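A quick note: this is a predicted structure, and the numbers were derived from the prediction, not measured.
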Amino acid sequence: MTQGERMSPGRRTVLGAAVLGTAAAGLPAATASAQPARGHGDARRHGSYKDLPVPYVIGHRGTAGYRPEHTLGSYQHALDLGAHVIEQDLVPTKDGHLVCRHENDITATTDVAERREFAGRKATKTIDGTSVTGWFTEDFTLAELKTLRAKERLPAVRQRNTLYDGRWDVPTFEEVLQWAEREGRRLGRRVWLHTETKHPTYFRGIGLPLEDRVAKLLRRYGRHRLDSPQFLQSFEPSSIQRLSRLVDTPSVVLLSGAGSKPWDFVASGDPRTTDDLVKPEGLKWIASYAQGIGPTLDLIIPKDAAGRLTKPTTLVANAHAHGLVLHPYTMRNENTFLPADFRRGTDPNAYGDVFGAFRTYFATGIDAVFSDNADTALLAAADFRSKS
């Protein structure tokens, strides 16, 4: 997550210590976590995503506003801040291991371009119809990939995150599952994950299908049941359909902007677009194999030509009518990502009135939200619940 997004800076952790203190002392117990673990392993007990406090906060790529994304450091920081659910994106290595990267091009998020021994791996490929030049996970064995170090994607704008460049490597999904089990035992509660299959049609086409690999690991770590502390997600509905036949883990179909089309629909000749999927009949079809949708925020409340919010759509009510939860994406603190109504000052990288934006989106009835800044989102969610 998130398809087609361009990121911008995060400058500081807003009220981070206050969030930790509030989560420990001032909020309901469910705000900071799911229910306490019982028995062996945090994933091996009964419960449901319906037990999460609404609205709940999904740490986007961990806590990408404060740490290099998709690193164990980013995931740990999201957990420490109190995020209810923590996101991973999965792509494969040449030898079939699943690793956590937002995309298979690792040029911007590792030091691969500085490594002379891998200079010959640079390539140009067509990924979901787009030509991309860089270094790709599917051209590296896991052992080779593990020699690389993760770095901040946008060093010019998230300069404070560069402090952590080189500190962590690229984690495998199995390492994240093991981390979640360890942290679950330490905290005495289940650690919720939200895991995306990236470019599944592309990877299936080059002989590295994702779904069987994901399902195998979920079963190994007890995250294959409907009551597991785990969500699965994909921008390709067919990937979620495949996963639903392999495991019972709750799943979410991600939806890009109006007029867009899932890549598997393009590849298969399916004439439907996102506009069709957000109609009642499209939502009914999704509900036949998934538990939720993850729409872009613009599908919840569109913006006008000036970037200001307009009237909410009926998507929330229609999705709920079909029993689907909504996990829209992505909230960030910076002006450049906020609706024009909530920008403050002229610096696009300064923080705007993000609490006002959260209030507006939460008022539509969404069940959760992805955020780069889990601390801010948690405060906003707690405020909203206290006044509801």
Side-chain angles (χ1 to χ4, degrees), residues 1-2 5-24 26-27 31-33 52-53 55-89 102 109 152-164 192-194 294 296-297 300 327-339 341-345 347-362 366-385:
M1 185 49 182
T2 304
E5 286 194 332
R6 298 175 65 86
M7 295 179 61
S8 189
R11 288 192 166 184
R12 62 190 184 278
T13 301
V14 174
L15 301 177
V19 170
L20 291 173
T22 302
L27 298 182
T31 300
S33 70
L52 291 168
Y56 44 96
V57 172
I58 305 166
H60 188 232
R61 310 180 194 178
T63 182
Y66 310 130
R67 299 289 188 273
E69 65 185 51
H70 289 312
T71 58
L72 287 177
S74 184
Y75 300 148
Q76 185 68 53
H77 194 46
L79 184 67
D80 291 345
L81 288 176
H84 302 107
V85 186
I86 299 171
E87 185 203 29
Q88 306 79 48
D89 298 315
H102 180 253
T109 60
E152 169 56 35
R153 177 189 294 274
L154 298 174
V157 289
R158 283 185 165 163
Q159 296 175 14
R160 298 190 180 192
N161 290 9
T162 64
L163 173 67
Y164 305 99
W192 280 79
L193 304 178
H194 207 307
T296 176
L297 285 164
I300 305 294
H327 296 175
Y329 64 89
T330 302
M331 285 294 293
R332 301 183 175 104
N333 288 355
E334 296 85 10
N335 277 325
T336 190
F337 292 115
L338 292 172
D341 323 46
F342 301 103
R343 296 171 191 160
R344 298 294 179 263
D347 182 354
N349 299 326
Y351 285 1
D353 178 18
V354 68
F355 291 111
F358 271 118
R359 282 194 300 272
T360 303
Y361 286 119
F362 286 153
I366 59 177
D367 300 277
V369 68
F370 286 88
S371 176
D372 275 11
N373 310 90
D375 50 356
T376 310
L378 285 162
L379 281 174
D383 287 346
F384 182 78
R385 281 192 295 271

(message) If the condition is side chain to side chain donor-acceptor pair (under 3.5 Å), which residues does Asn335 pass it with, not counting sequence neighbours?
(response) none
(message) Looking at every non-hydrogen atom in both residues, tell me the closest pair between Leu338 and Met331 and how far apart they are.
(response) CD2-CE, 4.2 Å
(message) On a heavy-atom basis, which atom in Tyr75 and which in Glu87 lie closest, and how many Å separate them?
(response) CE2-O, 3.2 Å
(request) Measure the spacing between OH of Tyr329 and CD1 of Ile58 and express it to the nearest 0.5 Å. (result) 12.5 Å
(message) Quick one about Asp367 and His327 (side-chain donor to acceptor, distance below 3.5 Å, no hydrogens or angles considered), yes or no?
(response) no
(request) Search all heavy atoms of Pro53 against all heavy atoms of His84 and return the closest pair with its distance. (result) CG-NE2, 3.6 Å
(message) Between Arg67 and Asp372, does any side-chain N to carboxylate O distance fall below 4.0 Å?
(response) no
(request) Answer yes or no: is there a side-chain heavy-atom contact under 4.5 Å between Arg61 and Phe370? (result) no
(request) Determine yes or no for a side-chain-to-main-chain donor-acceptor pair under 3.5 angstrom, with Ser371 supplying the side chain and Thr330 the backbone. (result) no
(message) Rounded at 0.5 Å granularity, tell me how far CG in Leu154 sits from OG1 in Thr109.
(response) 10.5 Å
(request) Would you check if Leu52 and Trp192 make a side-chain contact, meaning some heavy-atom pair closer than 4.5 Å? (result) yes
(message) Holding to side-chain contact (heavy atoms from CB on, under 4.5 Å), I want the full list of residues that pass it with Ala381, two or more places apart in sequence or in another chain.
(response) Pro55, Val57, Phe362, Arg385
(request) Just jot down the side chain to side chain donor-acceptor pair (under 3.5 Å) partners of Tyr361, sequence neighbours excluded, or say none. (result) none
(message) Within the structure provided, determine whether His102 and His60 are in side-chain contact (heavy-atom separation under 4.5 Å).
(response) no
(message) Arg344: which residues meet the salt bridge (charged side-chain N to carboxylate O under 4.0 Å, His left out) condition with it, sequence neighbours left out?
(response) Asp353
(message) Is there a side-chain contact between His77 and Leu81 in this structure, where contact means two heavy atoms from C-beta onward sitting under 4.5 Å apart?
(response) yes
(message) Between Thr162 (side chain only) and Arg158 (backbone N and O only), is there a donor and an acceptor less than 3.5 Å apart?
(response) no
(request) Could you pull out all residues at least two apart from Ile300 that satisfy side-chain contact (heavy atoms from CB on, under 4.5 Å)? (result) Pro295, Leu315, Val316, Leu326, Pro328, Thr364, Ile366
(request) Any chance you could measure Leu193, atom CG, to Leu79, atom CG, to the nearest 0.5 Å? (result) 9.5 Å
(request) Check salt bridge (charged side-chain N to carboxylate O under 4.0 Å, His left out) between Asp383 and all other residues, then give those that pass, not counting sequence neighbours. (result) none
(message) Rounded at 0.5 Å granularity, tell me how far CD in Gln76 sits from OG1 in Thr71.
(response) 10.5 Å
(request) Begin with the C-alpha distance, continue with both residues' side-chain angles, and end with the deciding distance and a verdict on side chain to side chain contact (heavy atoms under 4.5 Å, CB included) for Tyr164 and Glu152. (result) CA-CA 8 Å; Tyr164 305 99; Glu152 169 56 35; over 6 Å; no
(request) Classify the side-chain pair Tyr66/Asn373 by whether it contains a donor and acceptor separated by less than 3.5 Å. (result) yes
